[in-house]
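Note: hydrogens, waters and symmetry copies are ignored here, and every other heavy atom, side chains too, is used. A note on names: the letters A, B, ... follow the listed sequences, proteins ahead of strands, and every chain is numbered from 1.
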2 protein chains.
Amino acid sequence: MFKVGEFSKVAQVSARLLRHYDEVGVFAPAHTDATTGYRYYTAEQLPRLNQILALRDLGLSLEQIRNMLSESITNEEIRGMLRLQKAQLEQSISEQAFRLQLVETRLRYLEQQPASPLYDIALKTLPAQPFLSLRETVPMFTAGSILFMIHQAMPRHQFKQRGACTALFYGDNFDDQVCDWEVGFLMPDDALKTVTLSDGRELHLRILPPENQMVSTIYSGRWLGLHLGYSTLGEWIAQHGYQIKGIGREVFHQLHPPEHGENNVTEIQFPVEKIAV
Amino acid sequence: MFKVGEFSKVAQVSARLLRHYDEVGVFAPAHTDATTGYRYYTAEQLPRLNQILALRDLGLSLEQIRNMLSESITNEEIRGMLRLQKAQLEQSISEQAFRLQLVETRLRYLEQQPASPLYDIALKTLPAQPFLSLRETVPMFTAGSILFMIHQAMPRHQFKQRGACTALFYGDNFDDQVCDWEVGFLMPDDALKTVTLSDGRELHLRILPPENQMVSTIYSGRWLGLHLGYSTLGEWIAQHGYQIKGIGREVFHQLHPPEHGENNVTEIQFPVEKIAV
DNA sequence: CTTGACTTTAACGCTGCGTCAAGGTTTATG
DNA sequence: CATAAACCTTGACGCAGCGTTAAAGTCAAG
């Protein structure tokens, strides 16, 4: 019969760990003195403890371990738990590897250029959202202006605009002088189906599908500089083994008339997917 | 000016996150109403928040992020932090990969054999420890018996035996009929230098060097079955890309006279190292 | 003015123990 | 045998990053 301190030494673990395992019910002492509460362990318990430590080394939680060690568990259930753990470890590793790639990219850039341009690119997941919009072909880099005009021409009392002004661009050659835009507003679920502008054009409601991987960057200032955002995003996407998967968006978080363009805040988003390795 | 709820929507984060970031000082709202406590954010803050989220995606802690965003930080310091993070990620990945390997091995075994023999193998780190011992060449599988005899022949009042009875085996052919053993007791730091047994033999004190990677398994029962432990350990070591690096040990946690050998509890330990890949 | 939609601060929860702290037990020593 | 040293007990906080109620104050629409 060992007391916790002795047993912790032969087992090479801390006494606190033994108490904790007793408390949560994964490993109880062979005997507990009813009056003093002292825990007494025996050498015969060592293999069991070693089992538990080995399972812990697999990354299993104490609760999972308790289940695995219960009498009434089938071999098949154990295998199921291990397969689950395997899958989780694989996912965790790929996440960590991705982070590592991000860090490495950033380090390379910092060593090339003192000022870091590639600073605020994030991955997001977007849910499906109603979108009240209008599709038109207009000169490049003017989607915001159209939105601004629409914003003006809109009978504003007819709806409560909750989401942001957003534009989707179709067509994949960004060097062209014109572009095919769908401009409008992200809406709450109970939005109107159609809105007629004061100049007669109509906005129609549709559901934008969810996107589970969007890269996004935010650009502050006049739209003349917006191409910097695009090139940075493009570099990032290539650097990290992604490719563009669908239709890009601009979100106008702060939309001013052309003469105050320096205060604009514009977000650029692209849905992406990993290139198969 | 957005209130938290609105800002959380345009930024695609939860309101709780914004409050938390305010609380810990990584991202404060542009304005806070002094009387109501309401937080008000502006669109111009979006790039900053995106920066923070991007840094978070690297796996940095909020405290690190706060430091990186402070004005008074040099480019060199930032690179240092990133290099540190890179190193930590690499280590974390290799740990996870190792766990994964453990899980896979276990799954393979479970699919071959319903009863899992390879159940309680753990990696340990041992500190340097004083060892009061005696070296002899004796028949295989009898180290425990010697220890038992020594135990009897020892003038027990002379020392407080705190550690376990332990044996080290020299020579690397385990199939041989004799083996070179060093048997003795792990001792506390203030132990006696020499002890003379009643049969005239002497135990001498020396310091066992620390081992930072020991594989260990615990076997219960008569020593006749002990080879099972050895073979299991050997398989495990090979399976996981390790090799034996030094002198193996047996630790006798429960040492009985030969006629009660079925109650013995014996641990087998080998120092190992990863084979370079 | 009344809702209802939002906001605030406060606090627990989660994981697996490490780390005191206050107060009994056991054991070694004088 | 008295007493101190060494060990044991339960209890509780801490950590990281928010998610999740909960109670109570604000704000905007009708």
Worksheet entry | Whole angstrom value for the distance that separates P of C:dG18 from CZ of A:Arg19 | 11 Å
Worksheet entry | Distance, rounded to the nearest Å, where A:Leu49 contributes CG and C:dC17 contributes P | 11 Å
Item to complete: Please round to 10 degrees the angle between the axis of the first five pairs and the axis of the last five pairs in the helix from C:dC1-D:dG30 to C:dG30-D:dC1.
Response: 40°
Worksheet item: Side chains of B:Leu203 and B:Phe185: closer than 4.5 Å at any heavy-atom pair?
Response: yes
Discussion item. What is the separation between atom CZ on B:Phe7 and atom C1' on C:dT7, rounded to the nearest whole Å?
Written reply: 16 Å
Worksheet entry | For A:Ala28, side chain to side chain contact (heavy atoms under 4.5 Å, CB included) partners two or more places apart | A:Asp22
Worksheet entry | Nearest-Å distance for atom pair OH/P, residues B:Tyr41 and C:dC6 | 17 Å
Discussion item. Please find the pair of heavy atoms, one from B:Val103 and one from A:Leu82, that lie closest to each other, and give the distance.
Written reply: CG1-O, 3.5 Å
Worksheet entry | Separation of C:dT15 C1' from A:Glu23 CD (nearest whole Å) | 13 Å
Fill in: Any residue meeting side-chain hydrogen bond (donor to acceptor under 3.5 Å, both in side chains) with B:Thr125, in chain and number order, not counting sequence neighbours
none
Discussion item. What is the distance, to the nearest angstrom, from the CD atom on A:Gln88 to the P atom on C:dT15?
Written reply: 13 Å
Item to complete: Look at the aromatic rings of A:Phe98 and A:Trp236 and report parallel, tilted or perpendicular, splitting at 30° and 60°.
Response: perpendicular
Worksheet item: Can you list the residues that meet the side-chain hydrogen bond (donor to acceptor under 3.5 Å, both in side chains) rule with B:Glu95, with sequence neighbours excluded?
Response: B:Gln91
Fill in: Candidates B:Arg249, B:His253, B:Met214 - the one meeting side-chain contact (heavy atoms from CB on, under 4.5 Å) with B:Glu267
B:His253
Practice prompt. Return yes if a side-chain donor-acceptor contact under 3.5 Å exists between B:Ser216 and B:Gln269, otherwise no.
Written response: no
Worksheet item: With no hydrogens and no angle check, do the side chains of A:Thr194 and A:Glu202 hold a donor and an acceptor under 3.5 Å apart?
Response: no
Worksheet item: Does OP1 or OP2 of C:dT25 have a side-chain N or O of A:Arg39 closer than 4.0 Å?
Response: no
Worksheet item: B:Val4 near the nucleic acid: base, sugar-phosphate alone, or nothing, with a heavy-atom cut-off under 4.0 Å?
Response: sugar-phosphate
Discussion item. If the condition is side-chain hydrogen bond (donor to acceptor under 3.5 Å, both in side chains), which residues does A:Ser133 pass it with, not counting sequence neighbours?
Written reply: A:Glu182
Worksheet item: Any idea how A:Tyr41 and A:Phe27 line up, ring-wise: parallel (<30°), tilted (30 to 60°), or perpendicular (>60°)?
Response: parallel
Worksheet item: Who pairs with B:Tyr38 by ring-ring contact (aromatic ring centres under 6.0 Å, His included), at least two apart in sequence or on another chain?
Response: none
Worksheet entry | Rounded distance (Å) that lies between atom C1' of C:dC6 and atom CG of B:Leu18 | 14 Å
Worksheet item: What pairs with B:Glu104 under side-chain hydrogen bond (donor to acceptor under 3.5 Å, both in side chains), at least two apart in sequence or on another chain?
Response: none
Discussion item. Run the side chain to side chain contact (heavy atoms under 4.5 Å, CB included) test against B:His256 and tell me which residues pass, sequence neighbours left out.
Written reply: B:Gln254, B:His260, B:Asn263, B:Asn264
Practice prompt. Indicate whether any N or O donor in one side chain lies under 3.5 Å from an N or O acceptor in the other, for A:Arg48 and A:Gln45.
Written response: no
Worksheet entry | Side-chain donor-acceptor contact under 3.5 Å, B:Gln88 with B:Glu90 | no
Item to complete: Using a 4.0 Å heavy-atom cut-off, write out nucleotides 23-30 of chain D from 5' to 3' as B (base contacted by protein), S (sugar-phosphate only) or - (no contact).
Response: --BBS---
Worksheet item: Which of residues 94-101 of chain B have a heavy atom under 4.0 Å from DNA chain D?
Response: none
Could you run down the sub-3.5 Å N/O contacts of the protein with nucleotides 3-5 of chain D?
none

Worksheet item: Could you run down nucleotides 11-19 of chain D 5' to 3' and tag each one B, S or - for protein heavy-atom contact under 4.0 Å?
Response: -B----SBB
